Amino acid sequence: MPQTQYAFVIKAPAYEMATHHAILESPAFRTRIIGVSSQSGALAAVDRLVEDGVEIIELCGGFSPKEAADIRERAGLAVSVGLVVYAE
């Protein structure tokens, strides 16, 4: 079955999931973009995303590998979680 729901979570100062979010949608695919300012906000966003059926979650480079691992554990095995990293 093809994947049809993706999310990108951005962590930056003063972002709040309730007001900093967007949806890009076509008949075949849905992308959610969510802003958070903390790890606890990210975990709450992940709970909502998983509940809504998102299949892939990508985390911006503002998350540490440890935070990404905690989010990956929270999302569960059915959801792929990736972390953007930058070469130095």
Side-chain angles (χ1 to χ4, degrees):
M1 180 175 210
Q3 294 174 323
T4 60
Q5 293 200 54
Y6 167 85
F8 188 71
V9 181
I10 302 166
K11 184 172 82 166
Y15 274 179
E16 296 298 331
M17 178 174 55
T19 55
H20 299 101
H21 60 271
I23 296 175
L24 305 172
E25 193 165 19
S26 76
F29 200 80
R30 184 174 195 210
T31 300
R32 294 177 63 180
I33 302 165
I34 297 177
V36 299
S37 60
S38 66
Q39 179 69 353
S40 62
L43 292 171
V46 167
D47 289 343
R48 170 69 61 84
L49 292 168
V50 169
E51 181 179 303
D52 290 348
V54 167
E55 300 146 323
I56 302 167
I57 299 171
E58 193 76 35
L59 305 172
C60 80
F63 289 93
S64 71
K66 169 70 169 113
E67 289 172 321
D70 291 344
I71 289 169
R72 196 172 289 114
E73 182 177 326
R74 180 75 156 253
L77 297 174
V79 178
S80 297
V81 177
L83 173 63
V84 174
V85 295
Y86 300 97
E88 293 185 29

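Quantities reported herein were computed from a predicted structural model and do not represent experimental measurements.
With a 4.5 Å cut-off on side-chain heavy atoms, R32 and R48 count as touching. Using a 4.5 Å heavy-atom cutoff, the side chains of I23 and T31 are not in contact. Side-chain contact between V84 and F63 is absent, with no heavy atoms from C-beta onward closer than 4.5 Å.
E73 CD to L43 CG: the interatomic distance, rounded to the nearest 0.5 Å, is 10.0 Å. Expressed to the nearest 0.5 Å, how far CZ of R30 lies from CD of Q3 amounts to 16.0 Å. In this structure, the separation between CG on L49 and OH on Y6 is 11.5 Å, given to the nearest 0.5 Å. From K11, atom NZ reaches atom CG of L59 across 9.5 Å, with rounding to the nearest 0.5 Å. Interatomic distance, R72 CZ to L77 CG, rounded to the nearest 0.5 Å: 11.5 Å.
Residues F29 and I33 share a single hydrophobic cluster, defined by chaining ILVMFWY side chains whose heavy atoms lie under 4.5 Å apart. Residues I71 and V50 are members of one and the same hydrophobic cluster, defined by side-chain heavy-atom contacts under 4.5 angstrom among Ile, Leu, Val, Met, Phe, Trp and Tyr. In terms of hydrophobic clustering, with Ile, Leu, Val, Met, Phe, Trp and Tyr side chains grouped at heavy-atom distances under 4.5 Å, V81 and Y86 are assigned to different clusters.
Closest non-hydrogen pair, V79 versus I56, comes out as CG1-N, 4.3 Å. Closest non-hydrogen pair, A14 versus S37, comes out as N-CB, 3.7 Å. The shortest heavy-atom contact between V36 and A45 is CG1-CB, 4.2 Å.
Residue I57 forms a side-chain contact (heavy atoms from CB on, under 4.5 Å) with just one option from I34, V9, L83, and that option is V9.
R74 and D70 are not joined by a salt bridge, as no carboxylate oxygen comes within less than 4.0 angstrom of a charged side-chain nitrogen.
The number of heavy-atom neighbours closer than 6.0 Å to OH of Y15, taken from other residues, nucleotides and ligands shown, is 12 or below.
For E55 (side chain) and Q5 (main-chain N/O), a donor-acceptor pair under 3.5 Å exists by modelled atom type. Judged by distance alone, the side chain of E67 and the main-chain N or O of S64 form a donor-acceptor pair under 3.5 Å.
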